[in-house]
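Just below is one structure, and these are the notes that go with it.
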Amino acid sequence: MKTRTLFLVTFLFFLYTDTAKAQEKINEIDATQLSVLMAEQSVVILDARTEQEYNGGHIPGAININYYDENAAEKMLELNKDTAVYVYCQAGGRARKACDFLMTSGFKKVYHLSGDIIGWEKAGKELEKTIHE
């Protein structure tokens, strides 16, 4: 029993440490910085939310890859690894996981939008809605 407990504690420690290290490496960008980049150049913006959340309002030009979709990893790997990718979700959880995945998959320039879509809206930035007929 003690061996199992020790193993579990050790496993959880390393899991937490690896997650904390990965999150430390995530580059952050704020809404103002991203909107300036969007005005100056073509950027890849990844919305990691559900399709319903995306349709309700997203950053103009963002592509939607639901992080929890069974094909999300495959879709993310179709992006150009040498192009900067700016990732957001509703509050940060899915975006950070997507950033971790992209970085461990060899993407060189991965950025998390600090504040995510909530921060984007609070900064007074434009949202685009998808209308289905």
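Below, each value reflects all heavy atoms present in this structure, side chains not excepted, and no hydrogens, waters or symmetry copies.
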Kindly compute the distance separating [atom1] ([X]) from [atom2] ([Y]), expressed to the nearest 0.5 Å.
X: Thr50; Y: Asn64; atom1: OG1; atom2: CG; result: 7.5 Å
X: Trp120; Y: Leu127; atom1: CH2; atom2: CG; result: 8.5 Å
X: Cys99; Y: Tyr86; atom1: SG; atom2: OH; result: 11.5 Å
X: Tyr111; Y: Leu102; atom1: OH; atom2: CG; result: 13.0 Å
X: Leu37; Y: Ser42; atom1: CG; atom2: OG; result: 11.0 Å
X: Gln90; Y: Ile117; atom1: CD; atom2: CD1; result: 7.5 Å

Using side-chain heavy atoms (C-beta onward) and a distance below 4.5 Å, is [X] in contact with [Y]?
X: Ile26; Y: Asp100; answer: yes
X: Lys108; Y: Lys81; answer: no
X: Met76; Y: Leu46; answer: yes
X: Leu79; Y: Ile63; answer: yes
X: Arg96; Y: Tyr67; answer: no
X: Val85; Y: Lys109; answer: no

Does a sphere of radius 6.0 Å around CD in Gln52 hold more than 12 heavy atoms from other residues, nucleotides or ligands, not counting ones at 6.0 Å or beyond?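 Counting other residues, nucleotides and ligands, CD of Gln52 stays at 12 neighbours or fewer.
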
May I ask you to check whether over 12 heavy atoms, not counting those of Glu128, lie within 6.0 Å of atom CD?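 Yes, the 6.0 Å shell around CD holds more than 12 heavy atoms from other groups.
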
Please report the C-alpha distance between Ile59 and Met38 in whole Å, then the side-chain angles of each, then the deciding distance to 0.1 Å, and finally whether the side-chain contact (heavy atoms from CB on, under 4.5 Å) criterion is met. CA-CA 10 Å; Ile59 295 174; Met38 291 168 62; 3.8 Å; yes

Walk me through it: do Glu53 and His58 pass the test side-chain contact (heavy atoms from CB on, under 4.5 Å)? CA-CA 8 Å; Glu53 289 172 305; His58 57 272; over 6 Å; no

Please name the pair of heavy atoms, one in [X] and one in [Y], separated by the smallest distance, quoted to 0.1 Å.
X: Ala73; Y: Phe101; answer: CB-CZ, 3.6 Å
X: Ala123; Y: Ala31; answer: CB-CB, 3.8 Å
X: Gly92; Y: His112; answer: CA-NE2, 4.0 Å
X: Asp30; Y: Leu113; answer: C-CD1, 3.7 Å
X: Pro60; Y: Ile45; answer: O-CD1, 4.2 Å
X: Tyr88; Y: Ala62; answer: OH-CB, 3.7 Å

Among Asn80, Asp82, Leu77, which residue meets the side chain to side chain contact (heavy atoms under 4.5 Å, CB included) test with Phe107?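 Checked Asn80, Asp82, Leu77 against Phe107; only one passes side chain to side chain contact (heavy atoms under 4.5 Å, CB included): Leu77.
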
Verdict with supporting geometry, Arg94 and Arg49, side-chain contact (heavy atoms from CB on, under 4.5 Å): CA-CA 7 Å; Arg94 292 171 283 184; Arg49 300 176 303 156; 3.8 Å; yes

Co-membership, hydrophobic cluster, residues Val43 and Ile29, 4.5 Å side-chain: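 Yes; tracing contacts between hydrophobic side chains, which count when under 4.5 Å, links both residues.
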
Check: Thr130 main-chain N/O paired with Asn55 side-chain donor or acceptor under 3.5 Å: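 No.
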
Looking at Glu70 and Lys75, is any side-chain nitrogen of the basic one under 4.0 Å from a carboxylate oxygen of the acidic one?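 Judged by the 4.0 Å cut-off on N to carboxylate O distance, Lys75 and Glu70 do not form a salt bridge.
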
